[in-house]
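The first residue in the sequence is number 1, and the count goes up from there. All values derive from a computational prediction rather than experimental measurement.
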Amino acid sequence: MKLKSKIGYWIDLRGYKKKWIAEQLGVSQVVLSRWINDQSIPSLINCFKLSDILSCKVDDLYERTRKGDEKWT
């Protein structure tokens, strides 16, 4: 299973500035950019904070995909 970030989608959908989101989370803009570009994954606590700020479910922040014939585990 692979995760694809949808954080950038939700930020754009809500009309927020990435700088403001980073400030609300207490992280740098570089860290937020890494989350958006699938270079790292936020902690579970930051996922919940993001979902609160963006008014979405934690599950909405990432898209799950399967590679080949992998079975869901």
### Summary
Looking only at heavy atoms, the pair that brings Ser55 and Arg14 closest together is O-NH2, 2.9 Å
### From CD1 (Ile21) to CG (Leu50), nearest 0.5 Å
7.0 Å
#### Entry: Student check: side-chain heavy atoms of Leu54 and Leu61 closer than 4.5 Å
yes
### Message
Please determine whether a side-chain nitrogen of the Lys or Arg among Lys18 and Asp12 lies less than 4.0 Å from a carboxylate oxygen of the Asp or Glu.
### Response
yes
### Message
Quick check on the hydrophobic clustering: are Val58 and Leu32 connected, directly or via other members, by side-chain heavy-atom contacts under 4.5 Å?
### Response
no
### Task
Output, in order, the C-alpha distance, side-chain angles, deciding distance and verdict of side chain to side chain contact (heavy atoms under 4.5 Å, CB included) for Leu3 and Arg64.
CA-CA 5 Å; Leu3 295 175; Arg64 295 185 292 180; 3.6 Å; yes
### Query
Could you state the interatomic distance from CG (Leu13) to NZ (Lys6), rounded to the nearest 0.5 Å?
10.0 Å
### Query
Under the ring pair (Phe, Tyr, Trp, His ring centres under 6.0 Å) rule, what pairs show up with a residue in residues 3-30, not counting sequence neighbours?
Tyr16-Trp20
### Summary
For Asp38 and Ser5, the nearest pair of non-hydrogen atoms, with its separation, is OD1-N, 2.8 Å
### Message
Could you check whether any side-chain heavy atom of Val31 comes within less than 4.5 Å of a side-chain heavy atom of Leu25, counting everything from C-beta outward?
### Response
no
### Query
Between atom NZ of Lys2 and atom CD of Glu63, what is the distance when rounded to the nearest 0.5 Å?
11.0 Å
### For Tyr62 against Ile7, the heavy-atom pair lying closest together
OH-CD1, 3.7 Å
